[in-house]
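Both counts, for ligands and for their atoms, begin at 1 and track the order of listing.
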Amino acid sequence: MSAREITMRHALMALVLLGAGGPVIAADIKAGRQVALGCQGCHGMDGLSKQPDAPNLAAQPAIYLVKAMAEYRAKARQHEQMNVVAQALSEREVADVAAYYAAIEIEVVKTPQ
Ligand code: HEC
């Protein structure tokens, strides 16, 4: 295989990866921590739910969190509180807060027998 063919393969692979994840925005975890101050009442700074109806966000993949936020923003997913929250955030803030929650490490202590 020539060097040019190898380069082409890499370019194609990069396109496939980009296609899978949508546009890639470099995320800033520290900035995301600031955004998460507005989420903590329900989702916690540790990403563990503080309200019975709010899901845990700790260690969820950023791609999953960004997708959920986009759905709330577009109201493709309806939830009074989250529709308001998602609409108040920029794409950058969503990418950052997703990176923050994704970076939290969790450990499973017990699974049901
Ligand atoms: C007032 C409480 C409240 C606040 C504040 C809040 N959320 Fe939520 N969030 C919820 C509830 C309740 C749900 C479940 C909604 C549903 O049933 O779709 C939810 C769902 C989500 C989901 C979907 C998770 C999944 O697995 O489907 C994401 C992502 C999320 N919130 C992110 C955030 C972020 C980021 C912030 C801060 C910028 C935030 N939320 C602030 C209550 C809140």
Name the option, out of Val35, Leu57, Val85, Asp53, that contains the heavy atom nearest to atom 28 (C) of ligand 1.
Leu57
Which of these, Ser49, Gly41, Gly38, has its nearest heavy atom closest to atom 5 (C) of ligand 1?
Gly38
Passes side chain to side chain contact (heavy atoms under 4.5 Å, CB included), Val85 versus Cys39? Steps please.
CA-CA 9 Å; Val85 168; Cys39 322; 5.7 Å; no
Measure the distance from [atom] to every protein heavy atom, then report the residue, atom name and distance (to 0.1 Å) of the closest one.
atom                    : result
atom 2 (C) of ligand 1  : Cys42 SG, 1.8 Å
atom 8 (Fe) of ligand 1 : His43 NE2, 2.0 Å
atom 30 (C) of ligand 1 : Met82 CE, 3.4 Å
atom 37 (C) of ligand 1 : Cys39 SG, 1.8 Å
atom 17 (O) of ligand 1 : His79 CD2, 3.9 Å
atom 22 (C) of ligand 1 : Tyr72 CE1, 3.7 Å
atom 29 (C) of ligand 1 : Leu65 CD2, 3.7 Å

Considering all heavy atoms of both residues, which atom of [X] and which atom of [Y] are nearest to each other, and what is their separation?
X      : Y     : value
Asp46  : Ala58 : O-CB, 3.3 Å
Lys30  : Asp28 : N-OD1, 3.0 Å
Ala27  : Ala95 : CB-O, 3.4 Å
Gln40  : Met45 : OE1-CG, 3.3 Å
Tyr101 : Gly47 : CE2-CA, 3.5 Å

Any heavy atom of Pro55 sitting closer than 4.0 Å to ligand 1?
yes
Looking at ligand 1, would Met69 count as a contact under a 4.0 Å heavy-atom criterion?
yes
Treating Gln87 as the side-chain partner and Arg73 as the backbone partner, does any N or O pair qualify as donor plus acceptor under 3.5 Å?
yes
Using atom types as modelled and distance alone, determine if a side-chain donor or acceptor of Asn83 lies under 3.5 Å from a backbone N or O of Arg77.
yes
Number the atoms of ligand 1 from 1 as they appear, then name those within less than 4.0 Å of a heavy atom of Tyr64, with their elements.
25 (C), 26 (O), 27 (O)
Proximal ligand 1 atoms for Leu89, defined as those under 4.0 Å from one of its heavy atoms:
38 (C)
Polar contact flag for Arg77 and ligand 1 (N/O pairs, less than 3.5 Å):
yes
Any side-chain heavy atom of Gln51 sitting closer than 4.5 Å to one from Cys42?
yes
